[in-house]
*Asks:* 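Questions regarding the structure given below will be posed in turn.
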Amino acid sequence: MKIIRESPYIWRIKKYDNMKVDAIIFTDSKTINNSEYQEAINQLINVATLPGIVKAAYAMPDIHWGYGFPIGGVAAFDKDEGIISPGGVGFDINCGVRVMITPLNYKDIDIDIDKLIKEIYNEIPVGIGSRTKFKFSVKEMKNIIENGAYWAVSNNYGISEDLNNIEDSGKIIYADSKKISSEAIKRGSNELGTLGSGNHFIEIQKVEKIYDKEKAKEWGLFENQIVYTVHSGSRGLGHQVATDYIKIFRDNLKEWNKKIPDKQLINAPFNSQYGQDYFFAMNGAANFAFANRQVMGHQIRKIFKKIYNVNVKLLYDITHNIAKLEKHNINGKEMDLIVHRKGATRAYENQPVLIPGDMGTSSYILIGTAKSMKLAFGSSAHGAGRVLGRRQAKRRLNSSAVINELKEKNIHLIAKSKSTIVEEAPEVYKNIEDIVNIIEKIGISKKIAKLTPVGVVKG
DNA sequence: ATGTGC
């Protein structure tokens, strides 16, 4: 294996053996040789062997091991010759982030943070197995799956201008509820508007720093402003879709998959019936996730209206777990590609890029660049990335110490489960500043604003 | 991530 340093933060592994293209890693010299990176880099090399892959397999600075494909990876496949793989999307289909902005200043609100997060916690079901009290009918579920955030806004969970500020307007058209199992639909029927667990969160944040005054103003951001972020996905419904199609592919595409270097890279030709079925089911789950974040974002907006009598706007809502049909310019030729972003954020030129950190540090609002279109199919990083596994975290940390540590930083926390507090502690994550600085130095996104948490709701 | 595992 030959790693070439192409620039201070770009590393290229020249293709060898069964690789069809090179692998490219965006990171610094400190981490490229880190042994903990090696598993993820091996996964990236495996991805580079898959049929129809175009240009290279890419890794963002926050890569770590994932199911088959590394988390923090981008892989684009030719629409006609290439594949689609559930492992390239992840189990939490359309896990993503939305940032909503208030006109409030931190000094107007600081005494009420506990009250505010408690209201949110009481309104929105959080934690593993979190459910709403009511269930949607199968007919209504189909409507949600095919219409996403558009469904939510049409049903009074939002205002029409919200839809202008969601990736794909919160509704992917290549979605078909008939491709989703009744089991998945049943699981989703009382999950709309629920947060979930793990790294999912709701954070009340303060705009700590503005890097680009003009763009921040255009986007409605100012220093010390109160904003909030919702990080969640497609809950049990999306998880069931992933599980279902991995099994369907295993049962029916044995011959097609006999050469894959890792069973978890199971895939279907994009243009086959199985590939299309997964694509339409996956997009249905993605629409469910768009609706889910839309509902939660709007419920919190209503809480702000009630307590502070202010109007809240949606800055942007974006996914970091999806495979999308996109047109890209490859060596002067426009190509239709199926771009898998797993733990990677779309970063089209001028588009807001939302990268959350851990609950003790900060999150960033950035902007996509022309360079990102050229270097990584218009993609960027998605978060800090773990340094400690969940089990290790439990062994080394305890929840009251984490709560105290946050308290010292004036961060209020309300969480359903003590083990989640420990598994998601600041110590468990890499430094988000490093990740953001690397992607900015490469030029695939530019910083607009830095957010620091003041109130956190966790599962 | 997940009614937390084959």
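Since we're looking at a predicted model, the values are computed, not measured. The figures here come from the full heavy-atom set of this structure, side chains too, leaving out hydrogens, waters and symmetry mates. All chains are named by letter (A, B, ...) in the order of the sequence lines, taking the proteins before the strands, and each is independently numbered beginning at 1.
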*Asks:* Could you tell me the separation between the CD atom of A:Glu423 and the C1' atom of B:dT2, rounded to a whole number of Å?
*Replies:* 13 Å
*Asks:* Heavy atoms only, 4.0 Å cut-off, all strands: where does A:Gly198 land among base, sugar-phosphate and nothing?
*Replies:*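 Sugar-phosphate, no base atom in range.
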*Asks:* Round to the nearest Å and state the distance from A:Lys394 atom NZ to B:dT4 atom C1'.
*Replies:* 9 Å
*Asks:* Would you kindly give the NZ-to-P distance between A:Lys263 and B:dC6, to the nearest whole Å?
*Replies:* 10 Å
*Asks:* Output the rounded distance in Å from CD (A:Glu424) to P (B:dT2).
*Replies:* 11 Å
*Asks:* Need one value for A:Ile128: base, sugar-phosphate or nothing, where a base atom within 4.0 Å counts as base even if backbone is also close, heavy atoms only.
*Replies:*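 Counting heavy atoms under 4.0 Å across all strands, the contact made by A:Ile128 includes a base.
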*Asks:* Ring pair (Phe, Tyr, Trp, His ring centres under 6.0 Å) with A:Phe304: which residues, sequence neighbours excluded?
*Replies:*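 Checked A:Phe304 against ring pair (Phe, Tyr, Trp, His ring centres under 6.0 Å); matches are A:Tyr228, A:Tyr308.
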*Asks:* Looking at residues at least two apart in the chain, or sitting in another chain, which of them share a ring pair (Phe, Tyr, Trp, His ring centres under 6.0 Å) with A:His328?
*Replies:*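 Counting only residues at least two positions away or on another chain, A:His328 forms a ring pair (Phe, Tyr, Trp, His ring centres under 6.0 Å) with A:Phe377.
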*Asks:* Counting neighbours of NZ on A:Lys418 that are heavy atoms of other residues, nucleotides or ligands and sit closer than 6.0 Å, is the number greater than 12?
*Replies:* no
*Asks:* Whole angstrom is fine here: how far is it from NZ in A:Lys247 over to P in B:dC6?
*Replies:*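 Atom-to-atom, A:Lys247 to B:dC6, this comes out as 14 Å.
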*Asks:* Rounded to whole angstroms, how far apart are CZ on A:Arg250 and P on B:dC6?
*Replies:* 9 Å
*Asks:* Applying side chain to side chain donor-acceptor pair (under 3.5 Å), can you list everything that pairs with A:Lys139, at least two apart in sequence or on another chain?
*Replies:* none
*Asks:* Go through the structure and list residues passing side-chain contact (heavy atoms from CB on, under 4.5 Å) with A:Ala59, not counting sequence neighbours.
*Replies:*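 By the side-chain contact (heavy atoms from CB on, under 4.5 Å) rule, A:Ala59 matches A:Ile25, A:Leu44, A:Ile63.
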*Asks:* Taking the side chain as every heavy atom from C-beta outward, state whether A:Ser272 and A:Phe270 have any pair of such atoms under 4.5 Å apart.
*Replies:*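 No, every pair of side-chain atoms sits at 4.5 Å or beyond.
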*Asks:* Atom NZ of A:Lys416 and atom P of B:dT4: how far apart are they, to the nearest Å?
*Replies:* 15 Å
*Asks:* Quick one: list whatever passes side-chain contact (heavy atoms from CB on, under 4.5 Å) with A:Asn350, sequence neighbours left out.
*Replies:*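 Scan of A:Asn350 (side-chain contact (heavy atoms from CB on, under 4.5 Å), adjacent residues dropped) gives A:Lys215, A:Ile367.
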*Asks:* Do any of residues 132-145 of chain A sit with a heavy atom less than 4.0 Å from DNA chain B, and if so which?
*Replies:* none
*Asks:* To the nearest Å, give me how far apart CD1 (A:Ile246) and P (B:dT2) are.
*Replies:*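 It is 15 Å, rounded to the nearest whole Å.
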*Asks:* How is A:Thr243 classified with respect to the nucleic acid when contacts are heavy atoms under 4.0 Å: base, sugar-phosphate, or nothing?
*Replies:*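 No contact.
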